[in-house]
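Accompanying notes for the structure given below.
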Amino acid sequence: MLTVRCTRFTPLPLDGVDRNPNMKLQPSIQQATARGIRAFSIVEALVAACVVGVLFVSLYAGITAGFGALNSARENLRATQVMIDKMETLRLYSWTQVSNFGTTNAYIPSTFVESFFPTTTNYGVSTVSTGSIGSGFVYYGTVEITNSGFSQNYSNSVKVVNITLRWTNGVPRSQSMSTYTAQYGIQNYIY
Amino acid sequence: MTLVEVLVATAIGTIILAAAGSLMVYNARSLAALSNYADLDQYSRRAVDKLSQDIRQATNVVSFTATELRLGTSRGRSNIVYTYGPTAKTLTRREGSNTEILLRECDALTFTVFGRNNVSNTWDQFVVTNAAGAKLIKLNWTCSRTILGAAVNTESVQTAKIVLRKQD
């Protein structure tokens with residue numbers, strides 16, 4: 001049997017607050033005082049600290065790696081400049097001078113040394129100028145001039161020039177460049 | 001919260017804010033340095049390409065000093081003049097009425113002119129003082145940019161030896 005109980009309708013007062021004692025609503029302030037919501041637990045704080053720590057370490061590692069790559073690019077760029085300098089001056093050697101490489105009458109040296117910061121004579125007023133003159137690490141270069149290895153009949157008129165640079169700026173690095181030079185090529189055009 | 005709790009929380013907050021601020025400044029400086037490097041490298045590469053092209057095609061060196069290079073050209077073109085201004089810190093290329101600034105904030109630049117003869121057992125050539133004997137030109141410059149007024153790790157060094165290709 002269904003029993004229906006009716007209660008007298010009581011309108012809300014003008015301030016909108018229901019003061020009916022039969023209402024079972026709990027005020028929210030009582031929930032906030034529950035034990036689990038009062039503050040972060042130690043586990044939560046530790047996990048958050050670990051996450052932040054990993055983020056910071058990753059950020060710094062990323063920046064450091066970026067600068068490392070940049071330094072490596074600068075070192076390689078300067079090494080390329082040095083080797084191109086030597087290759088360019090090959091044009092000024094006669095064929096006899098090229099052929100005599102490695103003999104007692106050698107004209108072309110088999111080694112050379114260059115610094116990262118080349119000497120410049122007319123530095124203006126700059127905050128960086130004084131620290132740059134003659135400083136920086138050293139590039140050690142070696143030169144090899146060998147037979148071309150060709151089988152054609154002009155093989156004795158062609159040589160292979162190989163220039164290798166080695167340097168250490170924290171990490172040992174090297175770079176090499178090679179070219180052919182011919183008796184009736186660029187030498188003949190100058191001499 | 002008690003007064004002690006407020007003080008401790010304030011101290012921790014200050015430390016965290018200081019760390020975050022210093023990290024932000026460091027990141028901003030790093031980003032500026034990386035941008036400066038890229039900018040310097042771009043301008044230096046463009047300048048050395050232009051110089052190499054002009055020197056290799058030149059008929060002769062008309063005149064030179066350590067900061068100015070005047071190259072003769074063929075086919076009725078005007079002479080090409082490269083001038084470094086130590087005060088303005090610029091490298092300028094002038095051909096006829098056309099003037100172009102190739103490098104800015106260039107702390108130092110030197111043109112060194114050599115003849116055709118090599119020095120025995122070195123990779124050097126003999127320096128010449130007369131333009132008629134010029135066969136090889138060595139370029140050497142350093143440019144920099146500043147970060148908050150200080151030039152920190154923002155240098156670009158460029159060297160090149162370029163041989164005049166003309167047969168004589």
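Just so it is clear, the structure is predicted and the values come from calculations on it, not from any experiment. Just so it is clear, the values below take in all heavy atoms, side chains as well, and ignore hydrogens, waters and symmetry mates. Lettering of chains follows the sequences in order, A, B, ..., and the numbering in each one begins at 1.
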Whether the side chain of B:Tyr37 engages the backbone of A:Arg74 through a donor-acceptor N/O pair (distance < 3.5 Å, no angle test) should be reported. no

Once you round to the nearest 0.5 Å, how far does CG of B:Asn140 lie from CD of A:Gln81?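 Separation between the atoms: 9.0 Å.
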
What distance do B:Trp123 atom CH2 and A:Leu90 atom CG have between them, rounded to the nearest 0.5 Å? 5.0 Å

Show every salt bridge (charged side-chain N to carboxylate O under 4.0 Å, His left out) that has at least one partner inside residues 51-63 of chain B, sequence neighbours left out.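 Applying salt bridge (charged side-chain N to carboxylate O under 4.0 Å, His left out) to every pair that reaches into residues 51-63 of chain B, excluding sequence neighbours, yields A:Glu88-B:Arg56, B:Asp54-B:Arg93.
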
Part of [X] lying under 4.5 Å from any heavy atom of chain A:
| X | value |
| --- | --- |
| B:Leu31 | neither |
| B:Gln125 | side chain |
| B:Val48 | neither |
| B:Phe114 | neither |

For A:Thr111, which atoms come within 4.5 Å of any heavy atom of chain B: side chain, backbone, both, or neither? backbone

Could you look at A:Val143 and say if it's the side chain, the backbone, both or neither that has a heavy atom under 4.5 Å from chain B? side chain

Say whether [X] and [Y] are linked into one hydrophobic cluster, either directly or through other cluster members, by side-chain heavy-atom distances under 4.5 angstrom.
| X | Y | answer |
| --- | --- | --- |
| B:Trp141 | A:Leu77 | no |
| B:Phe126 | A:Phe112 | no |
| B:Val62 | B:Val81 | no |
| B:Ile101 | B:Leu109 | no |
| B:Tyr26 | A:Leu70 | yes |

Is there any residue in residues 49-63 of chain A with a non-hydrogen atom under 4.5 Å from a non-hydrogen atom of chain B, and which ones are they?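 Listed by number: A:Phe56, A:Leu59, A:Tyr60, A:Ile63.
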
Around atom OH of B:Tyr43, are there more than 12 heavy atoms of other residues, nucleotides or ligands at under 6.0 Å? no

Check A:Leu92 against B:Gly115 and note the closest heavy-atom contact, atom names and distance.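 That would be CD1-O, 4.3 Å.
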
Would you name the heavy atoms of B:Asn118 and A:Thr89 that are closest together and state the gap between them?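 Heavy-atom minimum between the residues: OD1-O, 4.4 Å.
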
Sequence-distant partners of A:Asn76, side chain to side chain contact (heavy atoms under 4.5 Å, CB included), two or more places apart: A:Ser72, A:Trp167, A:Gln175

Shorter than 4.5 Å, heavy atoms on both sides: which option in B:Leu136, B:Thr122, B:Leu34, B:Asp41 has the most such pairs with chain A?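 Among the listed options, the one with the most contacts to chain A is B:Thr122.
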
I need the full list of side chain to side chain donor-acceptor pair (under 3.5 Å) pairs touching residues 154-166 of chain A, with sequence neighbours left out, sorted by first then second residue.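 Non-adjacent pairs meeting side chain to side chain donor-acceptor pair (under 3.5 Å): A:Asn147-A:Lys159, A:Ser157-A:Gln183.
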
